[in-house]
Number of protein chains: 2
Amino acid sequence: MCDALSDEDLTALSQAAQRMTISAGRVFIEEGDPANYFYNITQGMVRVFKALPDGRRHITGFMGTGQFLGLAISGHCAFSAEAMEEVHLCRFSRSTLNQVFSDFPALERRLLNIAAHELTIAHEQMLLLARKSAVERVSSYLLNQVMRLDACAADKLPSTAITLRLPISRADLADYLGLTIETVSRSFAQLKRNGLIEFSNAHAVTLMSPQKLEMIANAKG
Amino acid sequence: MCDALSDEDLTALSQAAQRMTISAGRVFIEEGDPANYFYNITQGMVRVFKALPDGRRHITGFMGTGQFLGLAISGHCAFSAEAMEEVHLCRFSRSTLNQVFSDFPALERRLLNIAAHELTIAHEQMLLLARKSAVERVSSYLLNQVMRLDACAADKLPSTAITLRLPISRADLADYLGLTIETVSRSFAQLKRNGLIEFSNAHAVTLMSPQKLEMIANAKG
DNA sequence: AAAGGAATTTGACTTAAATCAACGCCTTCC
DNA sequence: GGAAGGCGTTGATTTAAGTCAAATTCCTTT
C-alpha cells in the first residue's frame, strides 16, 4: 500500500519499460541533468541525495524495491541517485509515462498519493533538520525504522524491546540526519548510557523501550 | 503556471467549494486533526508549520493567493496552517474532490505536477537545513525571493542591483530557515558589512549583486 | 591466524549558532 | 508630545555540534 503499485498496474508499466541493472556505487541520476526518465526499483537499495559544490551533501532518502524515482522532476533532475548495491530497475521515458497514464488513470491517482505521502515525510524531516537535537534526530530515525518494520500497520508502537538492523553506514546516516559521523556515534552512545538502546554490533540495535524513545524523538514529557 | 489551476478548472472546483474567510492569526488547520478538507487560497497569506510539544517550530512554507493547501494529507493533517492576515479561501471535502477529479482528469494531472514541484522545493530546503550555514541560508532565501519576483521566467539572475520587499517578520524567517531571530539579524548584518545588500528599512533590502549572492547561497567559488 | 584496512568509537579542542540581556527604533495610542 | 510595547539589532556568554586526531573494532584477505 505504501509505495508499490498494484501488480496489474506494474504489468502495464513494465510493457513500456526498459529493464536495467546498475552496479553498486554508480550514480545513475545526476542532479541538473535533463530529466527524461522515470524509474521503478525492482531490486536493491538506492541513495537519493543533493550536494553542494564544496562536497557537503544531504541524503534526501533511501529508496528500495518497489519504490519510484524521478517524481520530483521538471525539465532537470532535482537530485542525484546512487546505487548502494547492485540495483535492478525499470526505466521509462516521460512521454511513454504520459501514455500509460491515459490508459491507466488509477496509476496517476496512485502517484498523486505517493507524492503526497513523500511530501508528508519531507515535512517531518524538515522539522527534524530545522529544530531537533542530535539525540532527538537519531531517536527519530530509529523510531521510523521500527514503524517501517511493523509495516504501514497500526500506528501503535511495540511496548516491548525490539531489535533492529541498521543496514546503513554511519556516514550515510549522518548525511541523512544533517549531522557528522562522530555526532551520530556519540548520540548512539548517549542513548546506550541512558539504557534506551543496546548494540550487539554496530549494525544491530535493540530498542529497550520504543515508547520512551518516542518521547525523546518528539520532545514529549 | 507555477501554482494556480486554469480558470476553467477553478470554476469547476468552486462549484463544489465552500467559501470562507479566516481572520488574521487564526490557526485553521491543526496538525493531527482528521483531514477532511482541501483548500485553495483566494486571497491572503498563510503560514504552514509543524511544531514540537515544547514549542519549537518549523515553518514549512508560506502560501499565498492561488495556492493549494491540504495536499499532503492522509487521514490526519500533517501540518498546521495559520492565517498571517485576513484570508479568503475555498474549502471542499475530500469526497467532493474525488468527484471533481473524475470530471476533470486534467485537474489531477495538474495536482501531481504541483506536488512534484513542492517536493523539489522541499528537497532543496532540506539541503539548506541540513548543510548550509546561517549566512548561506539567508542568502538562499533572498535569492529565492528574487526568482519568485522574476516569476517562473528564465532561470537567469538579474546582473544589476534589485530591491526586494521582505514582508515576513524576522521571527517567521528564523522559523523558516531553522535559525534564531538573532542569527538571522546577524547574517543580514554580515551581508551588509560585505557590501552584498543594503537596507532602506528592516523590510526592504537591495541586493547589490544577485550573482555574488548566489555564489554565497550555493557555495560556488 | 595474522595483517591490513575500513568503519566506528572515543577524546581533546574549536567554533558557529543559541541563549541571555540590553538597547534602539518605530508605531500607536492616550 | 510622551509613554508603552512590539520588533529588530547588537553585545557578552554559553553550549551543542563540528573538527582534528587517536584508538578500537570489525571485516577481509592473504
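Chain naming here is simple, since letters A, B, ... match the order of the sequence lines and numbering starts at 1 in each. This one's a predicted model, so the numbers in the text were calculated from it and none came from an experiment.
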Colleague: Check the distance between C:dA7's C1' and A:Leu166's CG and give it to me in whole angstrom.
Modeller: 14 Å
Colleague: Relative to the ring of A:Phe38, is the ring of A:Phe92 parallel (under 30°), tilted (30 to 60°) or perpendicular (over 60°)?
Modeller: tilted
Colleague: State, yes or no, whether a side-chain contact exists between B:Val46 and B:Gln67 at a heavy-atom distance under 4.5 Å.
Modeller: no
Colleague: Where do B:Leu69 and B:Phe28 land on the side chain to side chain contact (heavy atoms under 4.5 Å, CB included) test, with the steps shown first?
Modeller: CA-CA 11 Å; B:Leu69 220 51; B:Phe28 62 97; 3.8 Å; yes
Colleague: Measure CG/A:Leu179 against P/C:dA16 and give the value in whole Å, please.
Modeller: 18 Å
Colleague: Run the side chain to side chain contact (heavy atoms under 4.5 Å, CB included) test on A:Met208 and A:Leu196 for me, step by step, so that the C-alpha distance in whole Å, both residues' side-chain angles and the decisive distance to 0.1 Å come before the verdict.
Modeller: CA-CA 5 Å; A:Met208 305 313 286; A:Leu196 288 156; 5.8 Å; no
Colleague: At the 4.0 Å heavy-atom cut-off to chain B, mark where contacts on DNA chain D begin and end, going 5' to 3'.
Modeller: D:dG8 to D:dA12
Colleague: Below the 4.0 Å mark, does C:dA7 have OP1 or OP2 next to a side-chain nitrogen or oxygen of A:Ser169?
Modeller: no
Colleague: Could you check how far CZ of B:Arg137 sits from P of C:dA17, rounded to whole Å?
Modeller: 7 Å
Colleague: Whole angstroms only, please: what is the CD-C1' distance between B:Glu136 and C:dA16?
Modeller: 12 Å
Colleague: Quick check on DNA chain C: between A:Lys192 and A:Arg131, whose nearest nucleotide comes earlier from the 5' end?
Modeller: A:Lys192
Colleague: Is the number of heavy atoms from other residues, nucleotides or ligands within 6.0 Å of CD (A:Gln43) greater than 12?
Modeller: no
Colleague: For A:Glu86, does the CD atom sit with more than 12 other heavy atoms under 6.0 Å from it, leaving out its own atoms?
Modeller: yes
Colleague: Under 6.0 Å from the CD atom of B:Gln211, do we count more than 12 heavy atoms belonging to anything else shown?
Modeller: yes
Colleague: Please list, pair by pair, any protein nitrogen or oxygen found under 3.5 Å from a nitrogen or oxygen in nucleotides 20-27 of chain C.
Modeller:
from   : atom 1 : to       : atom 2 : distance (Å)
C:dC20 : N4     : B:Glu182 : OE2    : 3.1

Colleague: How are the rings of B:His58 and B:Tyr176 set to each other: parallel, tilted or perpendicular (split at 30° and 60°)?
Modeller: parallel
Colleague: Figure out the CZ/P separation between B:Arg56 and C:dA18, and round it to whole Å.
Modeller: 13 Å
Colleague: Could you tell me how far apart B:Asp54 (CG) and C:dA18 (P) are, to the nearest whole angstrom?
Modeller: 15 Å
Colleague: Is A:Ser185 close enough to C:dT9 that one of its side-chain N or O atoms is under 4.0 Å from OP1 or OP2 there?
Modeller: yes
Colleague: Let me spell it out: for each of A:Ala134 and A:Asn201, pick the nucleotide of DNA chain D with the closest heavy atom. Which residue's pick is nearer the 5' end?
Modeller: A:Ala134
Colleague: If only side-chain N and O atoms of A:His203 are considered, is one of them under 4.0 Å from the OP1 or OP2 phosphate oxygen of C:dT8?
Modeller: yes
Colleague: Between A:Ala202 and A:Ser133, which residue's closest nucleotide on DNA chain D lies nearer the 5′ terminus?
Modeller: A:Ser133
Colleague: Answer yes or no: is there a donor N or O on one side and an acceptor on the other, between the side chain of A:Arg91 and the main chain of A:Gln18, under 3.5 Å?
Modeller: no
Colleague: Please report, rounded to the nearest Å, how far the C1' atom of C:dT9 is from the CZ atom of A:Phe188.
Modeller: 12 Å
